[in-house]
Amino acid sequence: MPAALKEVAPDLLNPERQRALEAFRRVRGETEHRAAPLSAEDQAIQSMPDASPTKWHRAHTTWFFETFLVEPNVANYRVFDERFAFLFNSYYVAAGPRHARPKRGLITRPNAAEVAEYRAHVDAAVEQLIFQASSAAWPEIARILEIGLNHEEQHQELMLTDILHAFAQNPTDPAYDVTWQPPKFAHKGGYVDLPEGIHTIGHQGDGYCFDNEGPSHRVLVGPVKLARSLVTNAEWLAFMNDGGYANPMLWLSDGWATVQAESWQAPGYWRERDGAWHQLTLGGLRPVEPAAPVIHVSYYEADAFARWAGKHLPTEPEWEIAARAGHFDDAFGIVWQWTRSAYSPYPGFTACDGALGEYNGKFMINQMVLRGSSLATPAGHSRVTYRNFFYPPARWQFAGLRLADYAERYSLT
Ligand SMILES: [Fe+2]
């Protein structure tokens with residue numbers, strides 16, 4: 001940034017640009033805050049193809065701003081390093097060729113300090129835009145800036161899920177932060193009724209949303225009873241002690257194949273030590289707390305548990321309608337909750353043109369929707385219409401479940 005620009009005090013900006021500047025600095029700062037406990041060695045590791053190194057997340061989110069916001073809008077912008085577009089493009093085919101995802105952990109250069117310089121370089125260019133963009137250009141700049149900030153917040157969650165998976169490969173059970181404490185949870189138990197009715201789901205009105213949250217549309221749901229609370233570790237232990245992981249009748253065919261291939265006997269990161277179950281958390285290895293919500297289970301496991309319990313997983317419309325009505329405890333901030341809804345486009349959904357149209361739409365196949373948010377989701381990034389999605393075997397996310405009960409509807413008595 002030219003030196004003169006640094007003399008422009010933020011309070012001389014109009015309120016909208018001032019808010020944009022504050023949001024930009026807050027989100028970019030949170031990424032660095034999350035990376036701070038990690039050494040350069042920690043930041044380079046990739047423990048599986050689905051997980052990315054911390055350093056890559058820090059650089060990729062920067063590339064996103066450089067490519068989609070700065071380059072199209074800043075005349076004479078000097079790209080920090082021409083080679084970074086290849087290294088740090090994730091999946092945007094329209095933005096050019098890219099490095100193979102499973103090999104991100106083999107990139108030791110640029111090092112972590114150079115990635116910090118890259119971030120500072122692009123930060124200065126974005127701030128220059130916020131200060132100097134013409135009022136004619138501003139609305140589109142503000143739109144892309146908001147997408148970039150929400151994108152970076154998604155990667156902030158992935159930074160924690162991915163480093164926990166990396167630490168889980170280490171027999172010494174490293175801690176991300178020894179002082180980390182799990183979020184408080186409520187467990188009142190019981191079920192709430194969702195009577196039969198036609199409701200509107202999906203995002204409408206003001207406020208940010210990703211494209212996959214619309215169009216809003218009407219759905220018929222119910223009658224169904226939905227669990228007020230999340231499934232707990234104690235309930236999961238009952239499933240395990242009843243042979244849940246050894247009974248093929250409880251599992252979808254693909255799920256049973258995964259149980260056998262992966263030798264699953266418990267949720268992700270559970271370890272038996274001295275005859276008691278422990279789990280690797282962001283705070284290191286801790287005893288499994290029976291009353292706490294179960295975490296790090298796949299769709300396959302959630303589905304098998306529901307079948308064992310004589311229940312089902314809710315659909316995403318059921319989840320959204322009940323959450324909007326305030327029926328749930330712990331809808332947000334503990335675990336993402338698997339639904340039995342496939343990740344499909346809502347009626348009338350079309351992705352926008354260009355590279356940013358690749359953001360969500362092309363992934364609407366073979367994945368399942370999770371609702372809510374988790375302990376790793378950044379503050380302010382949760383919405384009742386938010387659609388998260390992962391492949392059915394994935395369990396390195398902070399994912400759990402709540403149950404649905406249709407017994408009344410389908411009772412033959
Ligand atoms: Fe990304």
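Just the heavy atoms: all of them, side chains too, but no hydrogens, waters or symmetry mates, feed the values below. Whatever order the structure lists them in is the order used to number ligands and atoms, beginning at 1.
Residues meeting the salt bridge (charged side-chain N to carboxylate O under 4.0 Å, His left out) test with Glu66, sequence neighbours left out: none. With sequence neighbours excluded, the residues forming a salt bridge (charged side-chain N to carboxylate O under 4.0 Å, His left out) with Asp329 are Lys188, listed by chain and number. Every residue two or more places apart in sequence or in another chain was checked for a salt bridge (charged side-chain N to carboxylate O under 4.0 Å, His left out) with Glu235, and none qualifies.
The minimum heavy-atom distance between Asp162 and Ser52, with the atom names listed, is OD2-N, 2.9 Å.
Two residues are said to be in side-chain contact when any heavy atoms from C-beta on lie closer than 4.5 Å; Tyr299 and Arg340 meet this criterion.
Taking the ring axis of Phe65 as reference, the NZ or CZ atom of Arg28 does not stay both within 45° of it and closer than 6.0 Å to the ring centre.
Ordered by chain and number, His60 NE2, His151 NE2, His155 NE2 make up the set of protein N, O or S atoms under 2.8 Å of the Fe ion (ligand 1).
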